[in-house]
> 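Mind having a look at this structure? Questions to follow.
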Amino acid sequence: MSENSIGRGHHIHLIDGSGFIFRAYHALPPLTRKSDGLPVGAVSGFCNMLYKMVEDQKGSDAPTHLVVVFDAKGKTFRSDIYPEYKANRPPAPEDLVPQFPLTRDATRAFGLAQIEKTGFEADDIIATLAVQARDAGARVTIVSSDKDLMQLVGDGVEMYDAMKNKRIGREQVEEKFGVGPERVIDVQSLAGDSVDNVPGAPGIGIKTAALLINDYGDLDSLLSRAEEIKQPKRRQTLIEKADQIRISRDLVTLKQDTPLEFDFSDYEVKAPDADTVLKFLTEMEFRTMSARIASKLGVDAPAIPDAPSAVVAAGAMPDVPFDPDKYECVRDLGALKSWVDKIYARGYVAFDTETTGLNEMVVDLVGICLSVEPGEACYIPLTHKDGEGDLFGGDNLAEGQIPLEQALEILRPVLQDPSIMKIGQNIKYDTKIMARYDVAIAPVDDTMLLSYAQHGGLHNHGMDALAERYLDHKPISIKTLLGTGKSAITFDRVPIVDAVKYAAEDADITLRLWQKFKPQLHAAGVTQVYETLERPLIPVLANMEMNGIKVDRDHLSRMSNNFAQKMAGLETEIHELAGQEFNVGSPKQLGEILFDKLELPGGKKGKTGAYSTGVDILEDLAAEGNDLPARVLDWRQMSKLKSTYTDALQTHINPDTGRVHTSYVISGASTGRLASTDPNLQNIPVRSDAGRQIREAFVADAGNVLLSLDYSQIELRILAHIAEIDALKQAFYEGQDIHALTASQMFDVPIEGMDPMIRRQAKAINFGVIYGISGFGLARNLRIPRKEAQSFIDTYFERFPGIRTYMDKTVEFAKQHKYVETLFGRKIHTANIDAKGPQAGFSKRAAINAPIQGTAADVIRRAMVRMPAAIAHLPAKMLLQVHDELIFEVPKEAVAETTEVVRGVMENACEPVVKLDVPLVVDAGTGANWAEAH
DNA sequence: AGAGTCACG
DNA sequence: GACGTACGTGACTCTG
């Protein structure tokens, strides 16, 4: 950074952008954009204030330099000093959230510089810039009325309250604090701040604080001479709370050395570009302002149609056709730099990586695609290979590519710049790839998740499906480039000219989808869902996936051998019983043996004409004393465990890390649950003894243990809350055995000394209710006559009438709205709810289940999003999520503290948005392996 | 590619 | 009165 670009004779305005936003929001009535209902009241106020600043400050007072400073998202270093800092701030109002990025756009449109920095408040940046500019000899005006900034006043630094049109100098600061600017920190440390949760000294306000500071000179003298204070209570407070006061001082002291990359020359004031500013105002549909500014700039005011604006709905542009020939191939530094300039001018970029495969932990980066405007995209080839390769790799790099490191050096700043939005389709993938090249991509938007939040339950959210459905365009298939099967090649072997068309198109599509989806978020009522439950999960899951979990290969290998031997024995036995050899793994052949050859009863053919040979059927046959199906059941269990777990899991061990790295799919399940793939670590066996041994292969690193915490009965608790079942709520409050209580209510038996069979039946009913119970289903599950099952259900509804009401109301809601909702506002669409015939039952049960399963999914998502900050001070790592369970790897000595912290986050995950009528309870376990921990 | 089966919550 | 059925996933194997 260069301090010489500002100095004597210069005047810099440091505008508190976040302050502007909140004042504009609270001062103005809610205003929405006519064409689509996007809330824009705060943006409008913000623009007015910005413009007024620029206009009013002409003449001798006019700034030569100006920069708008914003608060970045997320926690700041002050939370590390004092976790409660600003902790009881409510989240920003729903209709303000989408306006934050728009105010950045507005600043850019007005041709003004802006800055923000993750981990620091706008006030810290202002302090840092103010001090540097002042020290260089420039005059500084801080445009804000925030009292927290008053400590900076003096020596050529003034403040200006843009709303009251009032300058704030030394005199006004003394008026407010009773001391000069240099003692403001001392007074604030004592007085504290209830809004920001700065504790200060209890019972001492600004008046008393000023009195004390004036008497003793400064805070340190006051604290060291506290014994001299006459008033006993005040004396005691200052002695006892000295530490708290010092922490408060750390909190209120603005950081004057915030690490920033900037150059004052970037902040030189220049006239706004008429086209740019009017384009923005037109998009926002600010008629009055655009007319006023147009006349000031001496151009014609643009027409803003009254009717729903196609300009806005399509994202400012009429549909541009897809044209692969328009895509640019970036092959030299100059071209790359001009793309970076384009991105800065825009403020956002669609971003996509091309790699040699699909496993983010292993594959190499091949190229990068960018797009900032529909129809305009580029591909930057980086590591394409020359020719087809040979036995020895044939690893010559193709000609005409920017060296990887050089390209990354140029791209890294913009990809990490907090003011530049990076847009991806499943950007968790690209985040993980780039993390391996030391690029920490942030902030991000994800078109897959934007779609998931708005269209969950309607369709999947892959790029191909979204492009066809929403852009009426079928993307080039990757298979046309790579081929299929054995002859398939990797992307680095694709000729660059062909790669450009495919790869750049992905970025183009992503950008178009974003322009379509992002403005619809609010109208769809899922801004909060996207902002709190979807997007923040991206970095959390990326980290968990990169952590991976250690797996004991030898343990698995021994089990595989063991299974193989037993299977061989069983196979011989089965063939003998059948009287012939056949493939035990073939359901078709097995069915023919059982029901045609041996003529056993119960042969039912499915729609394909094959006999059904599922567990239920085989178990029935085995129960009647048939050995063959019993042996087949044993064989099947071993075959399953061997192929899916003990064999396959070994192939997933990453050679570099020695660990298994799953991938979570955020938008996989319609209810909001995650899905785990490659490998699926959410279905590792636990129910059978043989299966549980597989969990023993999941181990902690030396000196560590695995720590597992799971929600106890979370879905039943949520059901008790949603359906308002008082008896269940009370039982959960009293910590009773919920299934025993259900049984006692249903069958009028005491809980003490209850027959386990009765409890088992009640448990099955409880689960059945969550799934949208039916007599048939319960009968099959419990293996009792259908009549009996139906009478259980009738009794259940009698004893807990709220359940029936909930089920009816939910189906009714689904029919009316075509979606159902979780407690946190996640919408799950129920397109088939009006279906006739067999479909009807399915859809109703799914609709009944979705709010329960979905709310539970939301709860653990909230816990996961908060977890990294909560455990940042601990050596613990979060590794896995299994729907209601989180697994951590923790050094032994930190287990107790980690358990306490994690349990707190999980049990309070609903706060402050939802207050459950039942407590959430989390059970914990630890051990050297997952079997012990669970 | 789809069906069948079975592992999990 | 008859449909057919527990809710939500992913991986593996066989088969056409």
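Per chain, numbering begins at 1; letters A, B, ... match sequence-line order. Values in this document were obtained by computation on a predicted structure and should not be read as measured data.
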> For nucleotides B:dG2 and C:dA6, find the distance between their C1' atoms and express it as a whole number of Å.
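Each nucleotide's C1' atom is 24 Å from the other's.
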> Quick one: A:Y611 OH to B:dT5 P, roughly how many Å, whole number?
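My rounded result for the distance is 14 Å.
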> Among C:dT15, C:dA11, C:dA6, which nucleotide has an atom closest to any side-chain atom of A:N781?
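Of the options given, the side chain of A:N781 lies nearest C:dA6.
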> Using a cut-off of strictly less than 4.0 Å, decide whether A:K588 has a side-chain nitrogen or oxygen near OP1 or OP2 of C:dG16.
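So the side chain of A:K588 is within the cut-off, an N or O lying under 4.0 Å from OP1 or OP2 of C:dG16.
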> Counting just side-chain N and O atoms, does A:R636 come under 4.0 Å of either OP1 or OP2 of B:dC6?
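So the side-chain polar atoms of A:R636 do come within 4.0 Å of the phosphate oxygens OP1 or OP2 of B:dC6, strictly under.
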> Using a distance-only test with no angle check, is there a side-chain donor-acceptor pair under 3.5 angstrom linking A:K827 and A:Q454?
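Checked: A:K827/A:Q454 side chains show no N/O donor-acceptor pair below 3.5 Å.
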> Rounded to whole Å, please give me the gap between OH in A:Y771 and P in C:dG4.
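For the pair A:Y771 OH and C:dG4 P, the rounded distance is 24 Å.
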> Atom CD1 of A:I666 and atom C1' of C:dG8: how far apart are they, to the nearest Å?
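Rounded to the whole Å, the gap is 18 Å.
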> Which is true for A:A764 with a 4.0 Å heavy-atom rule: it touches a base, it touches only sugar-phosphate, or it touches nothing?
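Since a base atom lies under 4.0 Å of A:A764, the category is base.
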> Applying a 4.0 Å non-hydrogen cut-off, can you work out what A:I684 is touching in the nucleic acid: base, sugar-phosphate, or nothing?
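Result for A:I684 = sugar-phosphate.
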> So, OP1 or OP2 of B:dG9: does either fall under 4.0 Å of a side-chain N or O from A:R673?
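So the side-chain polar atoms of A:R673 never come under 4.0 Å of the phosphate oxygens OP1 or OP2 of B:dG9.
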> Hey, does A:G841 reach any base, or is it just sugar-phosphate, or nothing, if we go heavy atoms under 4.0 Å?
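Nothing: the residue A:G841, judged by heavy atoms under 4.0 Å, touches no strand.
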> So what does A:G585 hit on the nucleic acid, given a heavy-atom distance under 4.0 Å: a base, only sugar-phosphate, or nothing?
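Here A:G585 touches the backbone only, sparing every base.
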> For B:dA3, give its Watson-Crick or G-U wobble partner with both distances under 3.5 Å, or none.
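WC or wobble partner is C:dT13.
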> For atom NZ of A:K729, decide whether the heavy atoms of other residues, nucleotides or ligands shown that lie under 6.0 angstrom number more than 12.
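For A:K729, atom NZ is crowded (more than 12 foreign heavy atoms under 6.0 Å).
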> Looking for any heavy atom pair under 4.0 Å, which part of the strands does A:E885 touch: base, sugar-phosphate only, or nothing?
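The residue A:E885 makes no contact with any strand.
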> Please determine if a side-chain N or O atom of A:T613 lies less than 4.0 Å away from the OP1 or OP2 oxygen of B:dT5.
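Yes, because at least one side-chain N or O of A:T613 sits under 4.0 Å from OP1 or OP2 of B:dT5.
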> C:dT9, OP1 or OP2 - any side-chain N/O from A:T671 closer than 4.0 Å?
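A:T671 to C:dT9 OP1/OP2: no side-chain N or O under 4.0 Å.
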> Which one, C:dT5, C:dA6, B:dG4, comes nearest to the side chain of A:R786?
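So the side chain of A:R786 is nearest to C:dT5.
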> With a cut-off of 6.0 Å (strictly less than), are more than 12 heavy atoms of other residues, nucleotides or ligands near NZ of A:K818?
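It does: A:K818 NZ has more than 12 such atoms within range.
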> Looking at C:dA6, C:dC7, B:dC8, which one has an atom nearest to any side-chain atom of A:P685?
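Closest nucleotide to the A:P685 side chain: B:dC8.
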> What is the distance, rounded to the nearest whole Å, between atom CZ of A:R861 and atom C1' of C:dG8?
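Answer to the nearest Å: 13 Å.
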> Side chain of A:S612 only, heavy atoms from C-beta on: which candidate in C:dC12, C:dG8, B:dT5 is closest?
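Nearest listed nucleotide: B:dT5.
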> Quick one: does NZ or CZ of A:K642 land under 6.0 Å from the six-membered ring centre of A:F563, within 45 degrees of the ring axis?
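Verdict for A:F563: no cation-pi partner in A:K642.
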> Classify the ring geometry between A:H455 and A:H461 as parallel (under 30°), tilted (30 to 60°) or perpendicular (over 60°).
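Aromatic pair A:H455/A:H461 classed parallel.
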> Starting at atom CG of A:D678, determine the distance to atom P of C:dT9, rounded to an integer number of angstrom.
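Answer to the nearest Å: 17 Å.
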> Among C:dG8, C:dA6, C:dG10, which nucleotide sits nearest the side chain of A:N683?
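So the side chain of A:N683 is nearest to C:dG10.
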> Closest approach to the side chain of A:V686, judged atom by atom: which nucleotide of B:dC8, B:dA7, C:dC7 is it?
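Nearest listed nucleotide: B:dC8.
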> Does A:N680 place a side-chain N or O at less than 4.0 Å from the phosphate oxygens OP1/OP2 of C:dT9?
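Result: no.
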> Just call it for A:A856: base, sugar-phosphate, or nothing, with non-hydrogen atoms closer than 4.0 Å on any strand.
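A:A856: no heavy atom of the nucleic acid under 4.0 Å.
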> If you measure from the Lys or Arg side-chain nitrogens to the Asp or Glu carboxylate oxygens, is any gap between A:R631 and A:E571 under 4.0 Å?
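Salt bridge between A:R631 and A:E571, a charged N being under 4.0 Å from a carboxylate O: no.
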> Considering only side-chain heavy atoms of A:N849, which listed nucleotide, C:dC7, C:dA6, C:dC12, is closest?
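Among the listed nucleotides, the one closest to the side chain of A:N849 is C:dC7.
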> Sticking with atom C1', work out how far B:dA7 lies from C:dC3, rounded to a whole angstrom.
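To the nearest whole Å, 31 Å.
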> A:Q839 near the nucleic acid: base, sugar-phosphate alone, or nothing, with a heavy-atom cut-off under 4.0 Å?
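The answer is nothing, as A:Q839 stays clear of every strand by at least 4.0 Å.
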> Answer yes or no: does a side-chain N or O of A:Q682 lie under 4.0 Å from OP1 or OP2 of C:dG8?
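So the side-chain polar atoms of A:Q682 never come under 4.0 Å of the phosphate oxygens OP1 or OP2 of C:dG8.
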> Let me know the distance between CD1 of A:I718 and P of B:dG9, rounded to the nearest Å.
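In whole Å, B:dG9 P lies 17 Å from A:I718 CD1.
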> How many Å lie between CD1 on A:I852 and P on B:dG9, as a whole number?
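Taking CD1 of A:I852 and P of B:dG9, I get 19 Å after rounding.
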> When we call it a touch if two heavy atoms are under 4.0 Å apart, what does A:S774 touch: a base, just sugar-phosphate, or nothing?
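Base contact.
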> For the atom pair OG (A:S663) and CG (A:L681), what is the distance rounded to the nearest 0.5 Å?
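Reported value, rounded in 0.5 Å steps: 9.5 Å.
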> Expressed as a whole number of Å, how far does the P atom of B:dC6 sit from that of C:dG4?
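Comparing P positions in B:dC6 and C:dG4 gives a spacing of 23 Å.
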> Send over the distance from A:L641 CG to C:dG10 C1', rounded to a whole Å.
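Rounding to the nearest Å, CG of A:L641 and C1' of C:dG10 are 16 Å apart.
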> Which one, C:dT9, B:dA7, C:dG10, comes nearest to the side chain of A:S670?
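Shortest atom-to-atom distance from the side chain points to C:dT9.
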> At less than 3.5 Å, do the side-chain atoms of A:R845 and the base atoms of C:dG8 form a donor-acceptor pair?
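Flag unset: no donor-acceptor pair detected.
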> In terms of side-chain heavy atoms of A:F842, which of C:dT5, B:dA7, C:dC12 is nearest?
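Taking heavy atoms from C-beta onward, the closest nucleotide is C:dT5.
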> Using a strict 4.0 Å threshold on nitrogen-to-oxygen distance, state whether A:D689 and A:R692 make a salt bridge.
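A salt bridge is present here (some side-chain N lies under 4.0 Å from a carboxylate O).
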